[in-house]
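Everything below concerns the one structure shown next.
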Amino acid sequence: MAAPTLERPTGTAGATQTVTLAKALNLGLRASLERDPKVLVMGEDVGRLGGVFRITDGLQKDFGEHRVLDTPLAESGIIGTAIGLAIRGYRPVCEIQFDGFIFPGFDQIISQLAKLHFRSQGKVKMPIVVRVPFGGGIGAVEHHSESPESLFAHIGGLKVVSCSNPVDAYWMIQQAIECDDPVLFFEPKRRYYEKSELDTTVDPAPLFSSRVLRGGSSATVAAYGPMVRTCLDAATAAEEDGIDLEVIDLRTLSPLDLGPVFDSVRRTGRLVLASEAPGESSVTSEIATQVQQECFYSLEAPVLRATGFDTPYPPSKLEEGYLPDLDRVLDVVDRSLAY
Amino acid sequence: MAAPTLERPTGTAGATQTVTLAKALNLGLRASLERDPKVLVMGEDVGRLGGVFRITDGLQKDFGEHRVLDTPLAESGIIGTAIGLAIRGYRPVCEIQFDGFIFPGFDQIISQLAKLHFRSQGKVKMPIVVRVPFGGGIGAVEHHSESPESLFAHIGGLKVVSCSNPVDAYWMIQQAIECDDPVLFFEPKRRYYEKSELDTTVDPAPLFSSRVLRGGSSATVAAYGPMVRTCLDAATAAEEDGIDLEVIDLRTLSPLDLGPVFDSVRRTGRLVLASEAPGESSVTSEIATQVQQECFYSLEAPVLRATGFDTPYPPSKLEEGYLPDLDRVLDVVDRSLAY
Amino acid sequence: MSPERWTRPGAAEGTSGPPAATAAKPTREQVIAGLRATSEGGADLVQLLTPEGERVQHPDFDIDLDDAQLRDLYRDMVLVRRADREGNALQRQGQLGIWVPLLGQEAAQIGAGRALRAQDMAFPSYREHGVAWCRGIDPTDLLGIFRGTDHGSWDPATTGFHLYTIVIGNQCLNATGYAMGQRFDGKVGDQDGEATMVFFGDGATSQGDVHEAMVWSAVYDAPVVFFCQNNQWAISEPLERQTRVPLYRRAAGYGFPGIRVDGNDVLASLAVSRWALDECRSGNGPVLIEAFTYRMDAHTTSDDPTRYRLADEMEAWKLKDPIERLRVHLIREQLADQDFFDRVDAEADELAVRLRDFCFNMPDPPPERIFSEVYAEETPQIAAQREDYLRYLAGFADDAMAGGVR
Amino acid sequence: MSPERWTRPGAAEGTSGPPAATAAKPTREQVIAGLRATSEGGADLVQLLTPEGERVQHPDFDIDLDDAQLRDLYRDMVLVRRADREGNALQRQGQLGIWVPLLGQEAAQIGAGRALRAQDMAFPSYREHGVAWCRGIDPTDLLGIFRGTDHGSWDPATTGFHLYTIVIGNQCLNATGYAMGQRFDGKVGDQDGEATMVFFGDGATSQGDVHEAMVWSAVYDAPVVFFCQNNQWAISEPLERQTRVPLYRRAAGYGFPGIRVDGNDVLASLAVSRWALDECRSGNGPVLIEAFTYRMDAHTTSDDPTRYRLADEMEAWKLKDPIERLRVHLIREQLADQDFFDRVDAEADELAVRLRDFCFNMPDPPPERIFSEVYAEETPQIAAQREDYLRYLAGFADDAMAGGVR
Ligand SMILES: Cc1ncc(C[n+]2csc(CCOP(=O)(O)OP(=O)(O)O)c2C)c(N)n1
Ligand SMILES: Cc1ncc(C[n+]2csc(CCOP(=O)(O)OP(=O)(O)O)c2C)c(N)n1
Ligand SMILES: [Mg+2]
Ligand SMILES: [Mg+2]
């Protein structure tokens, strides 16, 4: 993995500020737009409105209509024209308004975005970031709470990451934009307004790396995006019962960086995976498969999962039940410990 | 699982014939069109031409242009209008010309086809079959050799099956058409011209069931679609080395019917999964995950896989290397046995 | 398009015209002027009732309604607006997660909705509360979607009104397929035939699905009316982010009629919709209608339109209010007395109260609803996940009873 | 479209026209007649050279070429056709997995290809061997795709010719994005500006992506020429399965010019393409060109057109052969002598031999090619899979040396 090459924006060097995850993304996008004139932001309502979540707030005002584009309403058009712009030498950052609306753009993602580098054997680069606010928990109507990340993780030629906190959000979006490969960037929309300290002088971890957030010895819990916070809370709650959970933020879903997970499982002997997405044929299936292979002799229990059910996302009054929460994660931990 | 309710077409009762898998599908479609006037066949070139693989050969001639529709060239249109026809009470069977061309229709499949039954709480039924000739090995150009089945297996509300031989092809297509849920029907295109005896008087197995094709004690090998033949051949070859493989044809990928796999693994202690699709976040990941969970104490080796690589499908001169063949399956079996 | 045009395509179309003439790409200002022109009453806007409530004639479209029918249209619009405002208020009070207002689009929707006959089918987007009303869907039935208790609760088959579709454009293809079925069933060909109407917005016209629906419907002569409510905005994006030319013009490129109607004029909307549906019934479909109207409220309750549009625009459109113009007309022509208006207002008040009461008393769905009707033939997996989950929930109850912790 | 039309949209368009006139849905026969009409020389077909090789005038489009230029166009077409026939033959001999013939479309492609300038960019579909030729791509470079050794080997950046795109319609959006970039880069605005041309078929016009590309290009004034080769067939489906009206008419619905050109007339194709590209360079894009032509061979070598079309049709189109008409013209006007024709034929023979030799000597790619350039920054996973696989292959070599079995 190449060392991060991001220069720190000089204006804010050394500054530590308290920011929301949404604001961190906004600052990261701003830094990228400042650093490289080839970076474009495009999508529905990203311009004057600043996006329905205000992630692109103020960017069109400061960088102009040719850097921050309000596009016609069609996702295949957004991805498809971004591909042409990338061929022309631009680095488009596309916003898909909600997770459930990425599917009209699926064909361009699978057939062109993922394949052009391979098809051309490196002559055509695809430095495109597709930002997707994803997951549930915000009381929304249908199609606004989905977790489609596994579909992209299955596809060779794409890279898939997800941030879980403001600091990562700030750096990961910039690293994704700097990456010469197409990156599907999943943003945990129900965590947009969670805050933390952001010190822009601290070197970021490489983009495609997982990270142990909390050491522990009873069992390992790994998650990404919105479920990371849930798992950290679960670990805190478990402490009271004398259960010492190690928590890993996967951060990258394709390529997976399972080294830290293998190391952890070799120590704890137990792994629980948590995600909002349905479990069936998913990223968590892949991780379980690799872990049972790599840690076969270390596992004291099968790899278990706390995931969304294999149903369509339910009406929002039911989402609390659909989404694995602290209790469900701990229930699965208990089942793991019972082996 | 409901017992099969198919009446046998009277004209051919008792007749045993040698048919290719392609012909068996054609006969199955014909039987369904005869049985139920609401069944429609639609897609690009399915009418006058009989489809690029001739699966629908002669059907438009015999059932007319309103039962067998040559559609405009757009997959979202095919799926989207099929949904409307289903709402109207029809049972459309859509042909997607090649695996790589299902993606323009992906949005309608995910957002409407998969969700309408749930959205309407059963008031709207979606008895639609989407036929997809899939997989490689035919020396084709890009986008004509893909295995996208895992993408659909991840989605609640869809059912996904794959046939591996003429007899199953004949029955499974009819059962899929009889099913009141949307079924993605994956046809192993490189096996279209393989033949077997078809006795239409023998009762078919239920659609959503796996089947043990060959008993064995050394290890279990499970596959679907085009890889089933490969695995059977591998089992024959392994015999010479004194390795006795049990081979399971999964047949249904969502819902999975893993009962026979669990039973088998409990006896053999070893499982090798084979598929042409890339392994990452796939159906084989899901199976491995469930097996390590259900058979934790029986496994003498981790579940291992022989799959396509996590790359885009290569130019066809390389496909022999890309596709897991008999040797690669046996190599993985050897690795399993080495534990 | 006259039959001769079909046999001699383009003869009088001017689209292959002189290069010198085509050479002038419009400026942004020209585009905007062109897109807006008819709001001031351009020659191609079908209007039967002016903003001042004056009944005018149109050379091609007319409608003959008795006084009671006119009053009914007024009542429809008032009740629908009141239900809409109540939905908005319920969201503000935390009773709904979101509300999608139709304010300003009452005439377009009631005109279209009242043109539909019992045998017809309608495919809404997510803002068609007015059409729902015309299909006999009680406003209370809409609340579940926005409260998050269901994804739409009415029966599309019995109401002739499909469930709301949120993914922009999808429903246009579904409607076209349905209309193909009407044709295949032999229900098209005379004035008593069936037809389908599909609703979508100006922004939706950019989606591939809408295009494919137009291609399909033309190729299969599907009896479908494409009813585009051009309310000038797709969330924060004005019409010029989607097109250079008025949207009704798209139809010519597919070979079927496209008509722009004053969407704030319920008479014109009704007249044009009826004509278009009759064309479809008779087998002359499809037809595109662009209803030129205005979204007088935010996109949804989550939206803040002050960030992207000027108050002036709103003020200008208030003068074209769809309800006000019919009210003035009824008064001016003495077709309704004060008593009538009072009664309608009272009815609206009752409706609001009923909606409110209903909303406050809506029960949350039970947890097993998560797993219900995923499939027509349930899979063992879904059954098992439900059982596991209910057992897990029961565990809490046990814990609670046993005074257990966590 | 004159500028006035922009400010008074629809004033003279007739599309919102009288309902009585729009009421006549075309019959299938009318549709087919309308779609085919211009093949007989309808008023809207731009033609500069008749099938009989006679030079004719067109009121809007003209072109001034010297004798050498005319001969060059002839040479281009002959060489491209010969390469095409050789490709077909190589497939028949088992040297290629498939071949996609361009037979019959030489004039459309050479006209368009020769209109492109060095600074322009072209986005082909999968049949544009003639355009490739004009972009300086040697026909040998095409073979890899059809032999299965690569997915296209030329460099799009240096050739100004993107890789072949097989998923129908995708390239139209990619081209539009590229053209937006040309505009953002300030390369549009005068006669030396840049432009983009994108190629697609009649069948492709039904795809949502093609529509979205037209929407986008109009909204962003992208300098892109949509060059649709209407070769009458999408595999087995005739044009009437995609549209009721001629395809060039679609453009009007998006607010830019649409022109139908005789695609078997290389002069007309060149003239219209130049004009359209110049419009784009100057900032007046986009433009749609429908090149009315015919697929004189099967869809691909895997196809059997006898199953779906009549030999008669083919015979009729043979009379309009693009090469023959220029040949007759050159002879009749004494612009080329027998020596010239002989030299071109000899050159074609050489090309065929060279193509053949090249094909027979193409090496298979090495196994590690499966894993190469999946990413710009390779992942550890891909690296590991390559290593594993090569180690596995090496095992066979070891086995073989050790006389091992299996
Ligand atoms: C495919 C898709 N992309 C994005 C959205 C998010 N979205 C919801 S409404 C809307 C604007 C729609 O505008 P328009 O079609 O004009 O309809 P209106 O809301 O004005 O009635 C957008 C972008 C969506 N629902 N579906
Ligand atoms: C999305 C997609 N669907 C289906 C196909 C299969 N297919 C290849 S060519 C073709 C017909 C294309 O017709 P047209 O656009 O007229 O181009 P032509 O081949 O005649 O040049 C079809 C259906 C494809 N390549 N891509
Ligand atoms: Mg709108
Ligand atoms: Mg064609």
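A, B, ... follow the sequence lines: proteins, then strands. Residue 1 opens every chain.
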Pair count under 4.5 Å, heavy atoms only, with chain D: among C:S282, C:A218, C:A276, highest is C:A218

Quick one: side-chain contact (heavy atoms from CB on, under 4.5 Å) partners of D:T165, sequence neighbours excluded?
A:Q112, D:H162, D:N170, D:Q171

Contact list (residues 202-212 of chain D to chain C, heavy-atom gap under 4.5 Å, by number) returns D:T205, D:S206, D:Q207, D:G208, D:H211, D:E212

Between D:R249 (side chain) and C:G253 (backbone), is there a donor-acceptor pair under 3.5 Å?
no

Heavy-atom pairs under 4.5 Å with chain C are the metric here; pick the option from D:R241, D:E290, D:M214 that has the most.
D:R241

Sorted by chain and residue number, the side-chain contact (heavy atoms from CB on, under 4.5 Å) partners of C:D192 (sequence neighbours excluded) come out as C:R117, C:D190

Do D:R244 and C:Y254 make a side-chain contact, defined as non-hydrogen atoms from C-beta onward lying under 4.5 Å apart?
no

Is any residue of residues 219-228 of chain C within less than 4.5 Å of chain D by heavy atoms, and which ones?
C:V219, C:Y220, C:D221

